[in-house]
**Student:** 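Input: one structure, supplied below.
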Amino acid sequence: MVKTRFAPSPTGFLHIGGARTALFNWLFSRKNRGSFILRIEDTDIQRSTEEATKAILESLEWLGLNWDEGPYFQSRRMDIYRKHAQKLLDEGKAYFCYCTPEELEERRKKLLMEGKKPKYDRRCLGIKPPPGRKAAIRFLIPDEGETEVNDIVKGSIRFRNDELDDLIIVRSDGIPTYNFCAVVDDALMGITHVIRGDDHLNNTPKQILIYKALGYNIPLFAHVPLILGLDRTRLSKRHGATSVSAYREMGYLPEALVNFLVRLGWSCGDQEFFTVDELIEKFTLENVGKSQAIFNPEKLLWLNHEHMKRMDSDSLSRLLVPFLEKRGIRDAGREKIIKAVNTLKSRAKTLQELADFAQFYFVKDVCLDKNAAEQYLVPETLPYLILIKEELERSETIDPRTIESRIRQLAKEKSIKLLEIAQPIRVALTGGTVSPPIFDVMDVLGRDECIRRIERAINLIKSKLEG
RNA sequence: GGCCCCAUCGUCUAGUCAGGUCAAGGACGCCGCCCUCUCAAGGCGGAAACACGAGUUCGAAUCUCGUUGGGGCCA
């Protein structure tokens, strides 16, 4: 059975790149009816925090990437790693190293300066422990031969073993390193497919040698290209919002972010829009591209809009409520919000925009745009506003079609363009010159509110005349 | 510095493994037109790419080599 995992380090929020790695793992497991496990790689006690773990879990849940096992915490598995390290030590497949990080760094720099390979020289191999020195444990890489990584995405890659460094598997402070813990955990947890960023590609031959040394089965690997920023460097804070939670706050839909992230490096013919179910059905690792992709916020915005347009207004309204509340709008009424959303769906690209646009429907007194009022709430338009008001007062309710035909009729009678009546009403009702179709707006606001707002505009013009 | 990966419109990509149907298709963005009560949405159209150089071949975006560029790893 297929078993995949996502193994983030809890040193911050869930990054866009991490989310994509998680997504590929999740999709692959779902597609193959396998399981997906979550493992928190918190061996770096200095930088790992509980808040970060919480934030990562929250973001994964929001994206809909549910896991079947875990979360496991590496910090609670230290004795397992130490036992494995001891086993390697006992079998002569690992050795103590007494060099300090500072010494190593210095030697590395020196070798680089001289134009040589910065490879560890094995000076500690087989020596007696020097007094006053703490020991790290190094894995002994075979001198000869080569190690093949048969990557599902990248193909076969061969590494000469003598190019590989004897890597540290346990630090001098007793903390096992990433490359070691990952191998032990993936083996013990029965991971069949390791899907991760290609920044780990160079670690893979070393990890394969560790699997072999430990006598464990080697999983299949799939290294997916990293996401880059506009300047073609690895996506980071410098490039703007990079956390999943930031996009959530900006009003992006999880399914849109998922759709966008998966299309960054994966394709299925010419199809751009995918529901999550479609992705599960169609996802394959074979269609993951080999080259790096640049994060393109404009396309994400477009996709978000597409997902919003296709979402039913009822669901969209539920999602909108918290955004309205942030703008001080409470108890707006379900029905009215749904109606409002109906008129705004094709206009707003994010929930944030939707809430901004929707505001005028719910506030007591619309905020009049200065320029709009100066242009349209003037003595010349006063008669039209009065006529519309009277028209509204005659009818019990507002039927958008009826009111539209009446106003069109009116424009005809006066031999003016509809625009000349529509714009003053628009300013009176919405405060600005841009809004959904004015008759739909009237329908959402309701008869009484329309009359109230038009009255306000009429009074404003009158007071201008007097003043 | 060594090793590893990558290279099609500005961006995401189809096509590359099985060379000819590709004077390179789609999408985002951009520009124009149509629709229109404003703004969107929608419809139609446009500009825009095989990094470079050799080689293999009747024929190369596709195979090989090299160069260049970008990315990554080296507690």
**Student:** Under 3.5 Å for both donor-acceptor distances, Watson-Crick or wobble: does B:U36 have a partner, and if so which one?
**Tutor:** none

**Student:** Using only heavy-atom distances, decide whether a donor-acceptor pair under 3.5 angstrom links the side-chain of A:Asp198 to the base of B:G72.
**Tutor:** no

**Student:** If you check the A:Glu298 side chain, which of B:A14, B:U11, B:G29 turns out closest?
**Tutor:** B:G29

**Student:** Name the closest nucleotide to the A:Lys154 side chain, picking from B:A41, B:C73, B:C5.
**Tutor:** B:C5

**Student:** Ignoring backbone atoms, establish whether A:Lys290 has a side-chain N or O less than 4.0 Å from OP1 or OP2 of B:C6.
**Tutor:** yes

**Student:** What's the closest nucleotide to the A:Gln292 side chain, out of B:G71, B:C73, B:C5?
**Tutor:** B:G71

**Student:** Using heavy-atom distances to pick each residue's nearest nucleotide on RNA chain B, tell me which of A:Ser291 and A:Arg20 is more 5'.
**Tutor:** A:Ser291

**Student:** If only atom types and distance count, is the side chain of A:Asp198 paired as donor or acceptor with the main-chain N or O of A:Leu201 below 3.5 Å?
**Tutor:** no

**Student:** Indicate, with a heavy-atom threshold strictly under 4.0 Å, whether A:Lys309 touches base, sugar-phosphate, or nothing.
**Tutor:** sugar-phosphate

**Student:** Out of B:G42, B:A7, B:C12, which nucleotide sits closest to the side chain of A:Ala293?
**Tutor:** B:C12

**Student:** How long is the line joining CD of A:Gln271 and P of B:A27, in whole Å?
**Tutor:** 13 Å

**Student:** What distance, rounded to whole Å, do you find between the two C1' atoms, one in B:C3 and one in B:G15?
**Tutor:** 32 Å

**Student:** Between B:G25, B:A27, B:U11, spot the one nearest the side chain of A:Trp302, thanks.
**Tutor:** B:A27

**Student:** Which part of the nucleic acid, if any, lies within reach of A:Cys268 when heavy atoms closer than 4.0 Å are counted: base, sugar-phosphate only, or nothing?
**Tutor:** nothing

**Student:** If a protein heavy atom is under 4.0 Å from the base, mark B; if only from the sugar-phosphate, S; if neither, -; do that for nucleotides 35-40 of chain B going 5' to 3'.
**Tutor:** --BBBB

**Student:** Atom CG of A:Leu228 and atom P of B:U13: how far apart are they, to the nearest Å?
**Tutor:** 10 Å

**Student:** Give the nucleotide from the list B:A27, B:C74, B:G26 with an atom nearest to the side chain of A:Arg263.
**Tutor:** B:G26

**Student:** In terms of the angle between their ring planes, are A:Tyr211 and A:Phe221 parallel, tilted or perpendicular, with boundaries placed at 30° and 60°?
**Tutor:** perpendicular

**Student:** Taking the P atom of each, how far is B:A51 from B:C12, in whole Å?
**Tutor:** 14 Å

**Student:** Round to the nearest Å and state the distance from A:Glu286 atom CD to B:U16 atom P.
**Tutor:** 15 Å

**Student:** Just compare B:C3, B:C6, B:C12 and give me whichever is closest to any side-chain atom of A:Leu264.
**Tutor:** B:C12

**Student:** Under a 4.0 Å threshold between the charged nitrogen and the carboxylate oxygen, would A:Asp186 count as salt-bridged to A:Arg196?
**Tutor:** no

**Student:** Is the distance from OP1 or OP2 of B:C73 to the nearest side-chain N or O of A:Lys206 less than 4.0 Å?
**Tutor:** no

**Student:** P atom, B:A61 versus B:C22: distance in rounded Å?
**Tutor:** 13 Å

**Student:** Working to the nearest 0.5 Å, report the span between CD1 of A:Ile451 and CE of A:Met442.
**Tutor:** 9.0 Å

**Student:** For A:Gly265 and A:Thr100, take the nucleotide of RNA chain B holding the closest heavy atom to each; which residue's nucleotide lies nearer the 5' end?
**Tutor:** A:Gly265

**Student:** Could you walk me through whether A:Lys87 and A:Lys83 pass side chain to side chain contact (heavy atoms under 4.5 Å, CB included), step by step?
**Tutor:** CA-CA 6 Å; A:Lys87 187 177 171 234; A:Lys83 267 181 205 156; over 6 Å; no

**Student:** Looking only at N and O atoms, is any donor in the side chain of A:Glu272 or the base of B:G26 less than 3.5 Å from an acceptor on the other one?
**Tutor:** yes

**Student:** Base, sugar-phosphate, or nothing for A:Gly197, non-hydrogen atoms under 4.0 angstrom?
**Tutor:** nothing

**Student:** What interatomic distance, in whole Å, is found between P of B:C44 and the corresponding atom of B:A27?
**Tutor:** 10 Å

**Student:** Charged N to carboxylate O below 4.0 Å: is that the case for A:Asp365 and A:Arg452?
**Tutor:** yes

**Student:** Between A:Asp42 and A:Arg76, does any side-chain N to carboxylate O distance fall below 4.0 Å?
**Tutor:** no

**Student:** For the pair made of CH2 in A:Trp266 and C1' in B:A27, what is the distance, rounded to whole Å?
**Tutor:** 14 Å

